[in-house]
Colleague: 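One structure, as structure tokens, below. Some questions next.
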Amino acid sequence: MVTVSPKEGERYYLRLLLTHIPGPTSFEDLLTVNEQRFDSFREAALALGLLQSDAYIEDTLQEAVAFQMPSSLRLLFATLLVYCSPADPRSLWETFEPQLSADYNHHQPSHGLSPPEIRREVLQDINNSFEQMGKSIADFHFVPDNFKRGYAERLTKEIESEKTLAVAPEDLLLSQKLNFEQKHAYDTILNACFSLEGQAFFVDGPGGTGKTFLYRALLATLRSQNHVALAVATSGIAASILPGGRTAHSRFKIPLDFSKTKSCQLSKQSSAAKLLSESALILWDEASMAKRETIEAFDELLKDLMDSDLPFGGKVVVFGGDFRQTLPVIEQATKEVLIESTFPVSPLWSKLHKIKLTENMRAMFDPGFSRFLLSVGEGREPVDAQGEITLSPNIVIPYLDKEDSLNRLIESVFPDLNLYTQDPYSLINRCILAPKNSSVDELNEIMIRRFPGSLQTYISSDKTVDQRHQSDYEDFLNSQNPKGLPPHKLLLKENCPLMLLRNLNPAEGLCNGTRLICRDLGQHTISAEIVFGHHRGKRVFIPRIPLQSPDNDKNGIPFVRTQFPVRLCFALTINKSQGQTLDYVGIYLREPVFSHGQLYVALSRATTAAKVKILLVPGTFDGTKVDCKTRNIVFPEIFRLTNHLCVYRMANLLPMRDVMPHMKNWSCIITVQEKQQVTNSLGTPTRKQKFVFCDSEVSQTWCSVLDVII
Ligand SMILES: Nc1ncnc2c1ncn2[C@@H]1O[C@H](COP(=O)(O)OP(=O)(O)OP(=O)(O)O)[C@@H](O)[C@H]1O
């Protein structure tokens with residue numbers, strides 16, 4: 001019999017009954033226990049005593065009640081029902097209804113709602129959270145089925161809530177701050193949105209050139225004019241930076257496993273589908289990290305929804321990304337497989353209008369660093385016989401012994417840990433990056449022990465999916481630390497930085513990758529504060545939930561870990577840091593980078609060379625490392641793929657070296673790299689001033705401006 005996750009609701013309980021009731025003859029048979037006919041398989045399983053007690057779920061809610069935050073409590077209630085599959089949701093509702101409705105009851109005189117109206121409002125609110133998690137209140141059978149909101153009402157509500165997304169006042173000002181290239185992109189894209197002709201774009205720019213800045217300006221302009229502008233990103237962390245951002249997978253219901261199905265699981269009648277067809281703009285950030293099949297599935301979805309053969313169904317779609325940064329993650333894939341999985345290989349790539357951003361706004365005050373970054377990202381930095389590049393000694397921490405050097409790295413990134421307990425927001429923009437999870441875990445463990453405050457330890461319960469193997473593997477499972485799962489032993493302190501590991505509720509800002517500050521550590525819940533993006537400052541409760549080990553886990557024993565879905569994030573993997581601007585970056589290369597774009601992503605999070613420090617740990621055969629060399633992995637093939645098609649499509653943009661005298665209708669965007677003081681020409685009274693110009697490919701040229709023009 002196929003395995004079914006408890007999250008699948010009735011399918012799970014049906015399977016449970018089938019494995020316990022010998023020789024059932026019908027569904028009726030399965031629903032009937034001791035001659036009583038139940039309405040759902042869950043209730044039948046509960047009557048048969050097949051379900052575990054809901055005690056820990058009740059304890060979790062009880063603990064959260066003390067914080068007196070009813071709206072966060074409702075979100076927690078919905079999250080627990082969706083993720084923890086309680087045996088008796090009705091009894092939980094009956095127990096906690098007063099606390100779940102406390103804010104409505106409190107305001108009753110001003111709202112003038114009757115008790116049944118309050119109940120309806122509260123249930124609607126909980127149902128909204130269910131719907132954001134792909135469920136409905138009807139799936140849990142704790143209120144009569146006729147409660148469910150009608151289709152038309154749901155539709156209007158979802159579109160209305162997108163249309164009324166709050167636009168931050170500072171975002172409304174961004175369009176006035178755009179640089180020349182950003183403004184050109186902004187105008188071109190908005191023209192397409194308003195001309196209703198439909199067009200797909202790719203905004204290509206090295207890290208820090210302000211792609212996200214441009215998206216925020218576009219979203220603010222359209223949303224403030226009551227248009228639907230949808231924002232998605234390939235990774236949760238990139239989505240959490242965009243206002244109203246969601247992961248592309250959750251928004252378009254893109255299958256996680258393409259071997260089973262290749263199309264998006266979104267019905268044409270759903271409110272999400274209606275939202276897509278109503279949208280003036282769909283924006284997909286970090287598309288360079290997406291597998292091309294996900295973008296192709298999205299294209300098919302839009303064609304189907306819009307009944308159109310035009311690319312992306314004739315909608316205005318803006319993809320953005322940077323192929324110098326990391327590519328799609330495919331475990332143990334060869335370079336060929338990786339490149340084959342990228343967007344430029346898709347036939348759709350040639351249909352996109354390419355827009356280039358070239359001016360590094362993040363590192364604008366350090367042009368030398370900006371040039372160095374690009375040279376690393378494009379693989380132009382000279383390599384030695386071992387294929388290693390040389391880093392400036394100014395950014396490398398001298399290696400003496402591991403402990404001492406690691407301390408120096410930590411102290412350069414986090415000079416005063418006491419300060420961060422008073423102002424945790426100043427900590428969240430400082431981070432140590434490493435290529436592998438194991439180094440990140442090592443650093444986070446050191447950091448949490450040094451961080452001021454009293455340590456709380458949360459131990460997970462680990463269960464094999466096949467219960468017969470439980471006793472053989474328990475200790476082994478506890479020792480496992482698979483990617484994407486929280487640790488068995490989670491060490492936390494108040495005010496420490498956390499990262500969420502699951503898309504608990506993307507619409508409420510709880511994405512895989514959302515960064516949080518831990519505020520209160522209960523026995524059954526963690527109360528935390530969202531620190532980035534649209535939901536910054538919002539308090540949420542995080543419960544323990546059962547989490548399945550990844551399918552491709554190397555240990556091969558599928559198991560479920562019940563733990564808070566969070567990890568510490570004093571240190572992050574380089575891949576997770578993509579898209580962020582950090583005040584101070586430490587890079588811990590206990591082992592060199594192992595994949596395309598990683599070194600570039602890590603270095604380009606910083607704003608100047610003075611705000612980055614790298615620790616290179618030497619090879620074991622070599623006691624002390626005297627040089628500053630490390631591996632930089634770049635697949636030039638990916639640039640050939642993107643540029644090959646780009647050069648023909650970018651109707652009028654060329655690098656400086658390709659511009660010829662008398663060419664017509666071509667231009668080259670250049671930036672001033674250096675402007676010297678006005679000086680007197682030798683031997684003549686003529687004054688002159690020297691300029692150095694640089695183009696997107698960092699080709700340089702210079703000129704002298706003479707007296708008359710100065
Ligand atoms: N026109 C601008 N004026 C002022 N600051 C800007 C401008 N454009 C971008 N920035 C700033 O530069 C930094 C980098 O911008 P942003 O994160 O948008 O770049 P990005 O291209 O998305 O980078 P990445 O590829 O690394 O995600 C941010 O701090 C942003 O606020």
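Ligands are counted one by one from 1 in listed order, and the atoms in each one are counted from 1 as well. Keep in mind it's a predicted model, so treat the numbers as computed, not measured.
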Colleague: Flag Q580 as yes when one of its N or O atoms lies below 3.5 Å from any N or O atom of ligand 1, and as no otherwise.
Modeller: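 No - when backbone and side-chain N and O of Q580 are compared with those of ligand 1, no distance drops under 3.5 Å.
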
Colleague: Does one side chain, of S439 or E591, offer a donor that lies under 3.5 Å from an acceptor on the other?
Modeller: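 The answer is yes; a qualifying pair exists.
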
Colleague: Distance only, no hydrogens: is a donor on one side chain within 3.5 Å (strictly under) of an acceptor on the other, for E181 and T358?
Modeller: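 Result is yes, a qualifying pair exists.
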
Colleague: Using distance alone, determine whether D322 and ligand 1 share an N or O pair under 3.5 Å.
Modeller: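 Such a contact does not occur with ligand 1.
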
Colleague: Report the nearest protein non-hydrogen atom to atom 26 (O) of ligand 1: residue, atom name, distance rounded to 0.1 Å.
Modeller: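 Of every protein heavy atom, R605 NH1, 2.7 Å lies nearest to atom 26 (O) of ligand 1.
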
Colleague: Does any N/O atom on G208 come nearer than 3.5 Å to any N/O atom on ligand 1?
Modeller: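 Looking only at distances, the answer is yes, because the N/O contact criterion of under 3.5 Å is met.
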
Colleague: Starting from atom 22 (O) of ligand 1, which protein heavy atom do you reach first, and at what distance in Å?
Modeller: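 Of every protein heavy atom, T212 OG1, 2.6 Å lies nearest to atom 22 (O) of ligand 1.
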
Colleague: Looking only at the side chains, is there a donor atom on one of E381 and S375 sitting less than 3.5 Å from an acceptor on the other?
Modeller: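 Short answer, yes.
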
Colleague: Any side-chain donor paired with an acceptor under 3.5 Å for T221 and Y186?
Modeller: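 There is such a pair between these side chains.
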
Colleague: If you have a sec, work out which protein heavy atom is nearest atom 17 (O) of ligand 1 and how many Å separate them, to one decimal?
Modeller: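 Looking at atom 17 (O) of ligand 1, the protein heavy atom closest to it is R362 NH2, 3.4 Å.
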
Colleague: List the closest protein heavy-atom neighbour of atom 18 (O) of ligand 1: residue, atom name, distance to the nearest 0.1 Å.
Modeller: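 Looking at atom 18 (O) of ligand 1, the protein heavy atom closest to it is F213 N, 2.9 Å.
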
Colleague: My understanding is that only residues two or more places apart in sequence, or in another chain, count here; which of them pass ring pair (Phe, Tyr, Trp, His ring centres under 6.0 Å) with F312?
Modeller: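 Partners of F312 under the ring pair (Phe, Tyr, Trp, His ring centres under 6.0 Å) test: F298, F319.
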
Colleague: Which of the numbered atoms in ligand 1 are below 4.0 angstrom from a heavy atom of N179?
Modeller: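 Here the atoms of ligand 1 in question are 1 (N).
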
Colleague: Less than 6.0 angstrom separating the ring centers of F570 and F451, yes or no?
Modeller: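 Between F451 and F570, which both carry aromatic rings, the centre distance is below 6.0 Å.
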
